[in-house]
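Report on the following structure.
Here is the naming used below: chain letters follow the sequence lines, and residue numbers restart at 1 for every chain. Hydrogens, waters and symmetry mates are skipped; everything else that's a heavy atom, side chains included, is used.
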Amino acid sequence: MRVLITSAIPYINGIKHLGNLVGSQLPADLYARFMRARGHEVMFLCATDEHGTPAELAATKAGKPVADFCAEMHEVQATIAKGFGMSFDHFGRSSSPQNRELTQYFAGKLAENDLIAEVTGKQVYSNADGRYLPDRYIEGTCPNCGYDGARGDQCENCTKQLDPTDLLEPRSAISGSTDLEVRDTKHLHLRQSTMVDQLEAWIDSKKDWPTLTTSIARKWLRDGDGLQDRGITRDLDWGVPVKNGTEDWPGMEGKVFYVWFDAPIEYIACAAEWAEANGKSEADWQRWWRTDKGADDVKYVQFMGKDNVPFHTLSFPVTILGSNEPWKLVDYIKSFNFLNYDGGQFSTSKGRGIFMDQALEILPADYWRWWLLSHAPENSDSEFTWENFQSSVNKDLANVLGNFISRITKFCRSKFSEAVPAAPLDAIAQERAGLWASLAPLIKEYETHMEAMEVRKSANTLRAIWVVGNEYLQNTAPWTVNKTDPEAAAAIVHVSLNLIRLFAVVSSPFIPHAAQQMMDDMHTDDWSWPEDESALSALSTDHAFTVPEVLFAKIDDETREGWAERFAGKRD
RNA sequence: GGGCCUGUAGCUCAGUUGGUUAGAGCAGAGCGCUCAUAACGCUUUGGUCGCAGGUUCGAGUCCUGCCGGGCCUACCA
């Protein structure tokens, strides 16, 4: 089985916060690393989502042409993602030529299959800004409650749904200009409504999907008037120009596709970008995406926050199915709730919470990876607090895992040498068998949870595996045995040192950097997954190692308080 | 307004198709160990499972109502 994995693609307008990370890229990376470790061929793709009004405005604010702004922000996000250990096979860009071509191609196919309608509607145009304004970029006084900061889509004060034309004294949220007019403009609509039955049957067939995923999909399918057709074009400069395949689309000159149409297609285009970047052929990427070209044995899994679910369960599948071509449809959608920050929401726009760059400034990635994954908001929204973070890091990483490695390597150095000690083979075999008997059921449980993408449960089980190391040392007490029977103590140490390698291998999906450090310290590159007790014999007698530096440092109260204070307000 | 999710020990969470005395980690208490990042191991105290009804031989689990928290509601992405 080959595994295709995509993470929801992060929007280009700024650096993402930890809430964004834990809902998409991080669990996707966890799964990708695990599946690779289990010997599967994996294609893990992500990209930046670069089109749309917010990107244009962010570029304007930064005083840069939007293309330059996106290119820069793409590099920034790529660097930070790398810092967090994201093992993307490719980190692409939705503004790539490949995506432009594919997006236009899909639009052409959809038109060919009668799934595109041309609809003329009314849209607010701002003369001062020289652009059409999305509903939420129009502000004015709410006709319902009189709040003067109401947006064109909804009044934040009284929560009433609004139409921009409902607003009293409307103005541009960008410039404040009141020189607005309503113009007729033609757009393409994706006729999703014609495929409701097909989509519902498809969703119904996914018995093992998270409730969060299917319930959101069903809600959109059947709520109110049911699934509505959706505009897939916009009056903007920055985006994929509207074309019918390679042909011009009469009447759509100067318009672009809506970001939510081209962004999921980037999942596919990203594979094409990967091929170009790595000297691969078209066939090399199509074997992941075309079931007529080798993708039959591919399992495709998507990771995303719950806000992304409607587009991935409905709109994008309409694009795929509606093309009437054998493109790979998603097999499993893992969705997440939101992570809150210390009593409120993380917010990009308000600068509240911890952002990815800041997180890496204060601690290595694995500290964050461990906490975020072991507290992933799978069943409900979860909350980050500094106390909880400190407690988890100190207890799980420093005390249970880090200190285990420290105590056994230092004991070995002190009583034997910095190498795996020699011991009678039967004694080693006996210790190995006993230790493996404790580990085997936990490793099996870990595999089961990881395969099911049960992130929290996987973390709990991994922690239980680490605890086995300390239990083993406590029960066998080599420091006592060594006083009367050094050979028996040597056998215990021999096996314990091998346990470090095993820990590194099974832990690597969660904490890849620390795992690499553990492997380096043990002077090994044997990443083979533990299948039986031979996993505890990878390092043989006289195999040298280095006593590691502190693998995970503890967070003291003073430091924690300092961070809590520093991150209490807005980011700089 | 409508819909979905959620409420289990001081804290963070597990609890499979309803089935005996409701579990884990952290925090608290006691004991042990001394190799180790004052770390580790063992034992242990904490729960009317949000509230009130109902179905059932039996409800944390199913139904109804109420209360609290969260999210979504289609032109931000």
(message) Assuming nearest nucleotide by heavy-atom distance, tell me which of L236(A) and D229(A) is located more 5' along RNA chain B.
(response) D229(A)
(message) With nearest nucleotide decided by heavy atoms, which residue, S406(A) or A263(A), maps closer to the 5′ end of RNA chain B?
(response) S406(A)
Figure out the [atom1]/[atom2] separation between [X] and [N], and round it to whole Å.
X	N	atom1	atom2	value
E383(A)	rC71(B)	CD	P	12 Å
N394(A)	rA36(B)	CG	P	20 Å
I405(A)	rC35(B)	CD1	C1'	15 Å
N460(A)	rC26(B)	CG	C1'	12 Å
R560(A)	rC26(B)	CZ	C1'	14 Å

(request) If the glycosidic angle is within 90 degrees of 0 it's syn, otherwise anti, so just tell me which one rG32(B) is. (result) anti
(message) Among F552(A), F510(A), F389(A), which residue satisfies the ring-ring contact (aromatic ring centres under 6.0 Å, His included) criterion with Y367(A)?
(response) F552(A)
(message) So Q228(A), base contact, sugar-phosphate only, or nothing? Heavy-atom distance under 4.0 Å.
(response) base
(message) Between R407(A) and rA39(B), is there a contact of a side-chain N or O with OP1 or OP2 at under 4.0 Å?
(response) no
(request) Tell whether N403(A) reaches the base of rA36(B) with its side chain through a donor-acceptor pair below 3.5 angstrom. (result) yes
(request) Taking only the side-chain heavy atoms of E471(A) (C-beta and beyond), determine which of rC4(B), rC42(B), rC40(B) contains the nearest atom. (result) rC42(B)
(request) Could you work out the separation of rU56(B) and rG3(B) based on their P atoms and round it to a whole Å? (result) 28 Å
(message) By a 5.5 angstrom centroid cut-off and a 30 degree plane limit, is there stacking between W479(A) and rC35(B)?
(response) yes
